[in-house]
Amino acid sequence: MKPEQLVRPEILALKAYPVPSADGMVKLDAMENPYTLPEELRRELAAVLARVEVNRYPAPSPQKLREAIARRMAVPKGMEVLLGNGSDELIQMLIMALARPGAAMMFPSPTFVMYAMGATFNGMKAIPVPLREDFSFDADAFIARMGKENPALVFIAYPNNPTGVVYPEEDLVRVIKACKGLVVLDEAYHVFAGKSFLPRLVDFDNLVVIRTVSKLGLAGIRLGYLVGRPEWVAQLDKVRPPYNVSVLTQAAALFMLERLDVLEEQAARIRDERAVLGKGLSALAQVRVFPSEANFFLIRVADADRTYEALKKQNVLVRNLNPGIKNCLRVTVGTPDENRILLAALREAL
Ligand code: PMP
């Protein structure tokens, strides 16, 4: 039997999410925190994980972890926390729950690819609305389009990936007020931007915020969280796979939430390094750097495919966004050493 005869055509038409091997490379393609945990903390964490009962299923709706997140992340009173296996899973759950027949999803474009992918998986119509040439947000155009399409779901990454741009708060408030569907603000990069709609959740009944611990330095444990009103969380929780957050993830997250200062200090170092790398990139005549409030930069070069390959030959892995975003590469802010290697390799490659 041929899978092609049975698999849905829209799935057959997809390409799998590309994750190239990074063995032996300077890995600047996935917006990870480049710093590992201090040695002593690693030992303590190992001891904590050693005590976890891996023979048991995880708590189905881990209350302790949800409460710890609410406390440490200043979740407003009255709001609830829903956990996902990465925020990727929360995105899927949101779409699955809202994909009524004929329902549409809207998002400014370019943005994180998993919104559109999730729409395809769940048979929802995806409507990308172009950002301006400089990747700023045209709120008027977006609101006008919402009036026509009446989306059930709007995704806005705040700051945006892969551009690093944070849209003005007033623009987003206008979108939320004008939207008759649910607005999801994806704050995956909030630690680098210092801006958040979490405190404003109480002002709107059609807003939820999703976040992840991935960019904070825990990408490997796969944990995302959604914050919203209890009535939204109650519905979304129905599509959550049971036991979606492993016992090891729960234990590691609880441990690290008590030691957030370590990760926040690393994030502060990344923000400092962002300024240094930004200057270094801007100094390259053949590179256009877009300003970023995240832990990466979008850069435009004359020939992104060639530059990407030339960097790869020098063992530097970045993300090539060409042809989707013409001649653009996305580079993650790494350690000072990694950033120096990147700049040297770029000079060589251009
Ligand atoms: N949202 C945005 C905007 C992202 O860039 C990413 C990851 N690149 C995610 C969500 C997913 O993050 P994770 O699944 O690791 O929590």
Side-chain angles (χ1 to χ4, degrees), residues 16-20 22 27-34 65 69 73 81-96 105-119 121 126 128 131 135 137 153-167 172 183-193 195-198 208-227 240-241 244-246 249-250 252-253 256-257 263 267 270 290 292-298 317-321 324-325 328-333:
Y17 189 80
V19 183
K27 190 172 185 316
L28 300 175
D29 65 330
M31 287 88 83
E32 291 143 329
N33 171 343
L65 180 53
I69 287 174
M73 301 300 177
V81 173
L82 180 69
L83 302 179
N85 186 339
S87 49
D88 276 336
E89 187 179 54
L90 294 168
I91 292 166
Q92 298 303 328
M93 284 159 56
L94 281 156
I95 302 170
M96 207 188 299
M105 161 207 300
M106 263 175 65
F107 46 82
S109 173
T111 190
F112 186 41
V113 292
M114 291 313 290
Y115 309 146
M117 294 271 273
F121 299 161
L131 292 164
F135 304 120
F137 181 53
L153 191 53
V154 167
F155 277 101
I156 300 182
Y158 181 74
N160 191 29
N161 166 21
T163 62
V165 178
V166 177
Y167 309 136
L172 297 189
V183 178
V184 181
L185 289 185
D186 182 346
E187 297 188 352
Y189 301 95
H190 78 101
V191 283
F192 307 108
K195 299 198 179 92
S196 174
F197 264 74
L198 218 53
V208 297
V209 169
I210 57 175
R211 286 189 175 174
T212 176
V213 299
S214 296
K215 314 302 168 183
L216 196 57
L218 300 172
I221 74 170
R222 308 304 299 130
L223 180 69
Y225 58 99
L226 175 147
V227 185
R240 185 176 58 83
N244 63 330
V245 179
S246 91
T249 297
Q250 290 184 35
M256 286 312 302
L257 281 168
L263 300 178
I270 294 168
F290 294 93
S292 165
E293 295 193 53
N295 63 338
F296 56 84
F297 284 101
L298 187 73
L317 187 64
V318 301
R319 185 69 190 267
N320 184 7
L321 298 164
I325 312 179
C328 281
L329 301 171
R330 190 190 61 202
V331 300
T332 305
V333 178

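Below, all heavy atoms of this structure are taken into account, side chains as well, without hydrogens, waters or symmetry copies. Counting starts at 1 for both ligands and their atoms, in listed order. Note that the structure is a prediction, hence the values are computed from the model and not measured.
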* Asked: Taking non-hydrogen atoms only, is Ser87 closer than 4.0 angstrom to ligand 1 via side chain, backbone, both or neither?
  -> both
* Verify whether the ring centers belonging to Phe290 and Phe135 lie closer than 6.0 Å. => yes
* To do: Using a strict 4.0 Å cut-off to heavy atoms of Gly86, name the atoms of ligand 1 that fall inside it.
  => 14 (O), 16 (O)
* Structure fact -> Ser214 heavy atoms within 4.0 Å reach ligand 1 at atoms 13 (P), 15 (O), 16 (O)
* Asked: Just distances here: any N/O of Tyr115 and N/O of ligand 1 closer than 3.5 Å?
  -> no
* To do: Answer yes or no for Lys215: is there a heavy-atom contact with ligand 1 below 4.0 Å?
  => yes
* Structure fact -> So the atoms of ligand 1 within less than 4.0 Å of a heavy atom of Thr212 turn out to be 13 (P), 15 (O), 16 (O)
* Would a 4.5 Å heavy-atom cut-off, applied to side chains only, mark Glu187 and Ile210 as touching? -> no
Pairs under 3.5 angstrom only: tabulate donor-acceptor contacts from the side chains of residues 213-227 to other protein residues two or more places apart or in another chain.
unit_1: Ser214; atom_1: OG; unit_2: Thr212; atom_2: OG1; d: 2.8
unit_1: Ser214; atom_1: OG; unit_2: Arg222; atom_2: NH1; d: 3.4
unit_1: Tyr225; atom_1: OH; unit_2: Arg211; atom_2: NH1; d: 3.3

* To do: Please examine the side chains of Leu321 and Leu298, heavy atoms only from C-beta on, and report whether any two atoms are closer than 4.5 Å.
  => yes
* To do: List every atom of ligand 1 that sits less than 4.0 Å from any heavy atom of Tyr189, numbering the atoms from 1 in the order shown and giving each element.
  => 3 (C), 4 (C), 5 (O), 8 (N)
* Asked: What do we get for Asn161 next to ligand 1 when only non-hydrogen atoms under 4.0 Å count, side chain, backbone, both or neither?
  -> side chain
* Asked: Counting from 1, what ligand 1 atoms have a heavy atom of Arg222 closer than 4.0 Å?
  -> 13 (P), 14 (O), 15 (O)
* Heavy-atom side-chain contact between Glu32 and Thr332 under 4.5 Å -> no
* For the residue pair Phe296 and Tyr189, is the inter-centroid distance of their aromatic rings smaller than 6.0 Å? -> yes
* Is ligand 1 under 4.0 Å from a heavy atom in the side chain of Glu89, in the backbone, in both, or in neither? -> neither
* Is there a side-chain contact between Ile325 and Pro162 (heavy atoms, below 4.5 Å)? -> yes
